[in-house]
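Everything below concerns the one structure shown next.
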Amino acid sequence: MTGRRRFAALGAVALASCAVGVGVRESGALAPLEREALKARFDVRGTEPVSGLLVVGIDAKTFTDLNTRWPFARSLHGQVVRRLHEAGARTIVYDVQFTEQTRPRQDLALYNALGDAGGAILATSESDGHGHTRVLGGDENLRAIHSRAAASDLRNDTSGAIASFPRQVGGLESIAVRTAQRVTGHAPDPAGFRDGRAWIDYRGPPGTIPTVSFSDVRDGHVPEDKVRGKIVVVGATAPTLRDVHSTPVGGEQLMPGAEVQANAIWTALHGLPLRSAPPAVDLLILVLLAMLPPLVRWRLPLGAVGAATVLTGAGFLAGAQIAFESGTIVDVAAPLLALVLGAFGAIAWSEFAERRVRHRVSRDNELLEQRVRERTADLADAEREIAHRLGVAVEWRDAETGVHVERMGRLCERLAREVGLSIVEADLLRHASAMHDVGKVGIPDEILLKPGKLDPAEWSKMKTHTTIGANILSGSKSALVQMAEQIARSHHERWDGSGYPEGLEGDEIPLTARICAVCDVFDALLSPRPYKEAWQLADVMRELASVRGTHLDPALVDAFLPIAPDLHTECFGEDGLGGAAAA
């Protein structure tokens, strides 16, 4: 194929990758993945400093202390308002709706307390569509006590989490916007609200913003210095009141609505520091990533496509994190999809081109046929190289530098042959096993590299590497990637059903994953880790025998133990320091 035709074909691959990436992004299909990527960026960033805010929570302690039922009498809210004013609260934000009229004495007690305190921001989810409400009798009543109503609506995004807040709802400005106006004298920049909403720059997981109990405030048990000069958000925090929400921070922990509002207020007060990148920037990144693999293939051998794809993807993710910590959210899912499509498109084009060459030279002499066979083998080698490099890239994070990947491949191939798999299946397993821990790319360093024992929350996060890895590898037509997906998802399942992520039992676990599990335990026990020394071979064999039928497939353990000494020498050497794998 001439250079011009080659360039045109690879250009078509790049354009197709761009078109698919843009189309899928615009369809919204990648929105859930984009939100998961946002959660990961918040997790990596961790907890940020926060000051000037306090949440007064209507919590379980409040119900015990006050021995009353919800909704509380409004005079009780009035007592808390007076306490907060006396303690020197800068601004009071009440995330409890007072739209409907109750007993006149109760309503008047709250009304007078608000007036004596200099007013407050009062939440509501109802307006007439023009910004007018019936809170405490209407807007004129509120103006008389220097108070304003504000929209409390916080909408879940496509992932079911609250990631942003509105500028206004039904003509009524949101709590965060109203509070910023009250405190600073001006509203946040309208340009920061793309499609009427702004990202909430969460300071950290639930509990990051200081919280005190409603009853402790009412009873005067909260020191004044904890309240003085603060913006105080009063609202429900007890789960029974059902005002708790999923957010991009804290994993599975739910955040009370009052704390979500406090984070939105912090965001509005600080000029909406977290903003989406301009659409043109997102589009430019997608186009560049889609073009990269075809350009690499145009100038370099096929094997370079895999290396360039992995390195570019890793560099892009690191750059996206840096941009996030500087206040800019760039799209991640669509550009990465375009990058992968460009890589597989370049490989597929190479395969197509080679088939044409093979068809043409089949009529020529044996020398040309040999050349076609060698080039076709390059395609298979490239696929295996991509799998190997991806496995090494993941292992590199915890300093294994690929040695573990090499040993796992040898161990899995040998055990597969021992239990009757064909040479082709065993060879495929050897390369697929390299990606068994590919999901660790989504695990934060502070968990993955922690030298000590993980706490329950960290362990729960660590276990998600199985499903992350399976999701990364899912949907491929490649037999190698399909087998790798099975292994990534199920290699931590246990024979007795006590494993994860799905609790599969016995033969429900794919055979390839069961083989990988035996080899992974063997290699892990023989290898030193930051939290343990390497075990002796005899101790490892006893351990394998002890978990036969509980953790591991008993038939596979029975097949593995007789060959374990030879495999130990082959992979770790006589001295147990790495053997042939290290060499």
Side-chain angles (χ1 to χ4, degrees), residues 30-50 154 156-165 198-209 244-256 259-260 262-264 266-267 270 273-277 313-336 393-394 396-398 437-472 488 492 500-501 530:
L30 294 177
L33 287 177
E34 204 64 67
R35 292 296 183 265
E36 290 302 314
L38 178 63
K39 289 182 179 181
R41 280 175 273 185
F42 271 114
D43 287 343
V44 171
R45 189 181 74 171
T47 302
E48 293 286 290
V50 60
L154 291 170
N156 291 355
D157 61 23
T158 53
S159 69
I162 296 176
S164 61
F165 69 96
W199 295 107
I200 299 176
D201 193 0
Y202 284 97
R203 300 288 81 201
T208 298
I209 294 179
V244 290
H245 308 274
S246 176
T247 66
V249 293
E252 299 301 317
Q253 288 181 276
L254 299 180
M255 182 178 288
E259 188 171 358
V260 176
N263 276 284
W266 188 96
T267 302
H270 290 79
L274 196 58
R275 305 194 183 195
S276 296
F316 171 60
L317 288 175
Q321 183 65 37
I322 293 171
F324 175 78
E325 295 184 11
S326 299
T328 301
I329 298 176
V330 298
D331 283 350
V332 170
L336 285 180
V394 174
W396 194 277
R397 293 181 66 200
D398 52 7
D437 275 338
V438 68
K440 286 183 178 178
V441 73
I443 304 301
D445 284 347
E446 61 265 28
I447 295 177
L448 185 65
L449 305 180
K450 184 175 180 179
K453 184 178 181 181
L454 300 180
D455 62 36
E458 291 169 335
W459 177 237
S460 177
K461 184 73 173 178
M462 174 63 82
K463 290 197 291 186
T464 63
H465 82 274
T466 54
T467 51
I468 292 173
N471 289 337
I472 290 173
H492 281 297
Y500 62 87

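Under the 3.5 Å distance criterion, with hydrogens and angles disregarded, no donor-acceptor pair is assigned to the side chains of Thr267 and Trp199.
Between the CD1 atom in Ile443 and the CD1 atom in Ile468 there is a gap of 4.5 Å [rounded to 0.5 Å]. Distance check, rounded to the nearest 0.5 Å: CE of Met255 to NE2 of His245 gives 10.5 Å. One distance of note links CZ of Arg275 with OG1 of Thr328; it measures 9.5 Å at 0.5 Å rounding. How far CZ of Arg203 is from NE2 of His270: 7.5 Å, rounded to the nearest 0.5 Å.
Residues passing the side chain to side chain contact (heavy atoms under 4.5 Å, CB included) test with Leu33 are Leu30, Ala333, sequence neighbours excluded. Taking the salt bridge (charged side-chain N to carboxylate O under 4.0 Å, His left out) definition, one finds that Lys461 meets it with Asp43, sequence neighbours left out. Val44 is linked by a side chain to side chain contact (heavy atoms under 4.5 Å, CB included) to Gln321, Glu325, counting only residues two or more places apart in sequence or in another chain.
His465 and Tyr500 have perpendicular rings, their planes meeting at more than 60° on a 0 to 90° scale where under 30° would count as parallel.
Side-chain atoms of Glu259 come within 3.5 Å of backbone atoms of Thr208 as a donor-acceptor pair (strictly under, hydrogens ignored). A distance-only check finds no donor-acceptor pair linking the side chain of Ser460 to the backbone of Pro456 [under 3.5 Å]. The main-chain N or O of Trp266 is never found under 3.5 Å from a side-chain atom of Asp201 such that the two would form a donor-acceptor pair.
Side-chain atoms of Ile200 and Thr247, non-hydrogen and from C-beta on, never get closer than 4.5 Å to each other. For the pair Ile162/Ser246, no side-chain contact is recorded, criterion being any heavy-atom separation below 4.5 Å from C-beta on.
A salt bridge is defined here as a Lys NZ or Arg NE, NH1 or NH2 lying under 4.0 Å from an Asp or Glu carboxylate O, and Lys39 with Glu252 fails to meet this definition.
Nearest heavy-atom pair, Thr467 versus Thr464, reported as atom, atom and distance to 0.1 Å: OG1-O, 3.1 Å. In plain terms, the two heavy atoms of Val249 and Pro205 that are nearest each other are CG2-CA, 4.0 Å. Taking all atoms of both residues into account, the shortest heavy-atom contact from Leu38 to Ala163 is CD2-CB, 4.3 Å. Closest of all the heavy-atom pairs between Val332 and Ala37 is CB-CB, 4.3 Å. Nearest heavy atom pair, residue Ala488 against residue Gly469, reads CB-C, 4.0 Å. Across Gln253 and Pro206, no two heavy atoms sit closer than the pair CB-CG, 3.9 Å.
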Applying side chain to side chain contact (heavy atoms under 4.5 Å, CB included), run through Phe324 and Leu274 and close with a yes or a no. CA-CA 8 Å; Phe324 175 78; Leu274 196 58; 3.8 Å; yes

